[in-house]
Undergrad: 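Here it is, the structure in full.
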Amino acid sequence: MTDLWWKSSVVYQIYPRSFADADGDGMGDLRGVIDHLDHLAELGVDVLWLSPIYRSPQDDNGYDISDYQDIDPLFGDLATFDELLAGTHRRGMKLIMDLVVNHSSDEHPWFVASRSGKDNPKRDWYWWRPAREGMEPGAPGAEPTNWGSAFGGPAWTYDKETGEYYLHLFSPKQPDLNWENPEVREAVYAMMRWWLDRGVDGFRMDVINMISKVLPLADGRLTAGAAYGDGSSSYINGPRNHEFLREMHDQVFAGRPGMLTVGEMPGVTVDGAIKFTDQDRHEVDMVFQFDHVWADRGADPWQLIPLRLTALKGIFGRWQAGLAQVGWNSLYWNNHDQPRVVSRYGDDSPEHRVAAAKMLGTVLHLHRGTPYIYQGEELGMTNYPFRTIADFRDIEALGQYHQATVQEGRSPEEVLTVLRARGRDNARTPMQWDDSPHAGFTRGEPWLAVNPNYREINAKAERADPGSVFHHYRKLIELRHEEPAVVDGDFTMLLPHDERLYAFTRKFQTTELLVIGNFTGETVRAEIEDAIAWEEAELVLTNVAEPTGLTLQPWQAVVYRRSM
Ligand code: NOJ
């Protein structure tokens, strides 16, 4: 039988530029990660996922790669990487790399060759198209399709020298690779094998459900007031996606058991995910989907929709049921693209932050799937108090702000309100290690401001405090390692219509777990069947000093266990 070790594992995501800076240049680096491996080993995580550390012009903080087989000097070099890998393995953890191959940097030699002339052998490695028929090349609106890019502006950039446009679903410095070309695929697979030969344990694959495009490339739907059309139906879950991933599996992973593959897939459906992660199809091990982090997003991107707990439960319930027999999901609240969950779906006030962070962690980790912890989540780190647009560094925030305010006529304050709540820089402020200047992240000037709450919220204080968020996360990981019902138990949602409590059971052989999280600052009684009997069962985990059975205190979580 295949060894599906990752089902009982917990992954920890490191965003290297914000994790720990050893050389004092204000930017995190690989030596900084090495210096803090014991923090991760103490937490008990099984796998480290490193956001990109390859050579890169850093237009999108490394998600724009100019050399897939070297380390950016900002972060260190290959020798330091090997040391990090060895240190990770020595502590019994695995390490997976971020694979960004929907696009490369425009400074990658592949693209430099491709743009150098229409006859260049690498021309077809990227998506080149002439101007829209009948339009003057380079004129406004002459782009080959009406698609907008993720970071604002059109998805096409005109290249004067050759008189054609190239496609970039993200920034103009991230041209999309043409996966229709077999030479592109072979080059990517060779690069992946090179990393596996070096000893890495797998890959998290960036927007991997965008690599196959619907041909011919055609205009997307244009909604009133929007500057660009929505091209997503031409590149999300495209027609050859499964085929490409199967080929990648055969070319890269066959004969290398025990590797982990995670497909980041915005817009993937439950049915799609079942196919992508069915072990018999040999595509990927698990998906990273977005439905639950888009639960507070409306049709208008510049409106904040308060979270409805019933909607969130509906989403999780659908995914849990869909992947119950075949397939596997990732479980996450946070990553480098999301705001901090305790500020988003919890309560980051001094009164409730600790309880809310623990409750959110408990509810997530007790689902079926592989949990991910994003750096600082184990401390209950919060969103940053951004004031003006000048406080942001993220290319997405800056690009979207420009498009919304200048091209679409939105008011700056309206846009800022959403960026403060949702902006990706919330996740990217430096890791808070201790209460020394800059939170012990750097002895230089940090590239992005440290959250002023670091004197209260930091790793040193939390490791020393048995009641901290850190130790609660440690227990959650331990529970997954020890209790098979957490890994394999059947999932049943309770109280689906309740806006205050999130409740479910997990059943495996003779064990049953009951999990309840109170998503409010009030005391709430859980009116479930069997409440009295449950109150007499074993309370495995909670986050309050004096538990009161199924009468849940503000932001309380409980995990009960009984034998059936
Ligand atoms: C998804 C990554 O998580 C995000 O940070 C990045 O900007 C885009 N893909 C483009 O690579």
Side-chain angles (χ1 to χ4, degrees), residues 51-75 97-131 137-138 142-145 147-195 203 205-213 215-217 231 234-235 238 240 244 248 252 264 395-396 399:
S51 274
I53 50 169
Y54 315 94
R55 232 176 231 280
S56 159
Q58 303 290 328
D59 186 54
D60 184 19
N61 294 359
Y63 282 87
D64 49 314
I65 297 166
S66 55
D67 185 346
Y68 289 100
Q69 288 171 226
D70 201 2
I71 306 295
D72 197 282
L74 276 178
F75 299 125
M97 304 291 282
D98 215 311
L99 181 81
V100 188
V101 290
N102 172 69
H103 43 269
S104 70
S105 163
D106 66 334
E107 296 181 35
H108 194 293
W110 296 342
F111 187 76
V112 174
S114 183
R115 95 183 303 170
S116 70
K118 284 185 177 171
D119 298 332
N120 187 278
K122 290 211 165 53
R123 183 65 169 182
D124 187 45
W125 282 42
Y126 294 84
W127 296 94
W128 290 97
R129 290 287 185 276
E143 289 83 13
T145 69
W147 307 349
S149 74
F151 301 152
W156 296 93
T157 288
Y158 181 57
D159 177 65
K160 265 205 208 86
E161 273 68 53
T162 58
E164 288 189 329
Y165 293 78
Y166 66 89
L167 175 68
H168 52 85
L169 298 181
F170 295 88
S171 108
K173 290 188 66 62
Q174 294 167 297
D176 280 50
L177 280 158
N178 177 10
W179 276 69
E180 296 292 323
N181 185 331
E183 289 174 19
V184 168
R185 307 203 297 274
E186 276 157 29
V188 168
Y189 305 152
M191 173 272 283
M192 293 172 76
R193 288 192 292 263
W194 185 87
W195 281 104
F203 298 94
M205 303 173 183
D206 193 72
V207 292
I208 204 69
N209 66 333
M210 298 193 185
I211 57 178
S212 163
K213 274 75 171 170
L215 299 173
L217 307 180
S234 294
Y235 53 77
R240 300 185 71 189
F244 291 157
M248 177 192 283
V252 178
E264 188 211 25
I395 183 172
E396 177 180 87

Undergrad: Is the backbone of Val207 close enough, under 3.5 Å, to the side chain of Glu264 for a donor and an acceptor to pair up by distance?
TA: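 Yes; at least one donor-acceptor contact below 3.5 Å.
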
Undergrad: Quick check: does any side chain N or O of Asn178 sit under 3.5 Å from a backbone N or O of Val184, one acting as donor and the other as acceptor?
TA: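 Here the side-chain-to-backbone pair does not exist.
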
Undergrad: Of the options Trp125, Trp156, Phe111, which is the one that meets Tyr166 in a ring pair (Phe, Tyr, Trp, His ring centres under 6.0 Å)?
TA: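 Single ring pair (Phe, Tyr, Trp, His ring centres under 6.0 Å) partner of Tyr166 among Trp125, Trp156, Phe111: Phe111.
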
Undergrad: Without swapping roles, check the side chain of Ser114 against the backbone of Arg123 for a donor-acceptor pair under 3.5 Å.
TA: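 A pair under 3.5 Å: yes.
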
Undergrad: Between Ser234 and Trp147, is any side-chain donor less than 3.5 angstrom from a side-chain acceptor?
TA: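 Short answer, no.
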
Undergrad: Please name the residue in the list Tyr63, Phe170, Tyr126 that meets the ring pair (Phe, Tyr, Trp, His ring centres under 6.0 Å) test with His103.
TA: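 Looking at Tyr63, Phe170, Tyr126, the match for His103 under the ring pair (Phe, Tyr, Trp, His ring centres under 6.0 Å) is Phe170.
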
Undergrad: Between Asp59 and Ser171, does any side-chain donor sit less than 3.5 Å from a side-chain acceptor?
TA: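 Ser171 and Asp59 do have a side-chain donor-acceptor pair below 3.5 Å.
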
Undergrad: Is a donor from one side chain sitting under 3.5 angstrom from an acceptor on the other, for His168 and Thr157?
TA: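 Yes - a donor-acceptor pair under 3.5 Å links their side chains.
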
Undergrad: Can you see which heavy atom on Pro175 is nearest to which on Asp106, and at what distance?
TA: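 Between these two residues, the closest heavy atoms are CD-N, 3.5 Å.
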
Undergrad: Hey, are Ser66 and Tyr54 close enough side-chain-wise for a donor-acceptor pair under 3.5 Å?
TA: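 Their side chains do not contain a donor-acceptor pair, so the 3.5 Å distance test is not met.
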
Undergrad: Treating Arg185 as the side-chain partner and Trp179 as the backbone partner, does any N or O pair qualify as donor plus acceptor under 3.5 Å?
TA: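 Yes; at least one donor-acceptor contact below 3.5 Å.
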
Undergrad: Before giving the answer on salt bridge (charged side-chain N to carboxylate O under 4.0 Å, His left out), spell out for Asp159 and Arg115 the whole-Å C-alpha distance, their side-chain angles and the decisive distance to 0.1 Å.
TA: CA-CA 8 Å; Asp159 177 65; Arg115 95 183 303 170; 3.3 Å; yes

Undergrad: In terms of relative ring orientation, are Tyr165 and Tyr158 parallel, tilted or perpendicular, with 30° and 60° separating the classes?
TA: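 Tyr165 vs Tyr158 ring planes: tilted.
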
Undergrad: Just checking, is any N or O donor in the side chain of Asp206 or Asn102 under 3.5 Å from an acceptor N or O on the other one?
TA: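 There is no such pair (donor and acceptor under 3.5 Å, judged by atom type) between the side chains of Asp206 and Asn102.
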
Undergrad: Evaluate the side-chain proximity of Glu180 to Phe244: yes if any heavy-atom separation is below 4.5 Å, no if none is.
TA: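 Heavy-atom side-chain distance check passes, below 4.5 Å.
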
Undergrad: Would you find a donor on one side and an acceptor on the other, under 3.5 Å apart, between the side chain of Trp128 and the backbone of Glu164?
TA: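 Such a contact is absent between Trp128 side chain and Glu164 backbone.
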
Undergrad: Are Arg55 and Asp72 ion-paired here, with the side-chain N under 4.0 Å from a carboxylate O?
TA: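 No salt bridge links Arg55 with Asp72.
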
Undergrad: If we ignore angles and hydrogens, is there a donor and acceptor under 3.5 Å between the side chains of Tyr68 and Ser104?
TA: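 Absent: no donor and acceptor within the cut-off.
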
Undergrad: Taking only residues two or more places apart in sequence, or in another chain, which ones meet Asp60 in a side-chain hydrogen bond (donor to acceptor under 3.5 Å, both in side chains)?
TA: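 Scan of Asp60 (side-chain hydrogen bond (donor to acceptor under 3.5 Å, both in side chains), adjacent residues dropped) gives Gln174, Arg424.
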
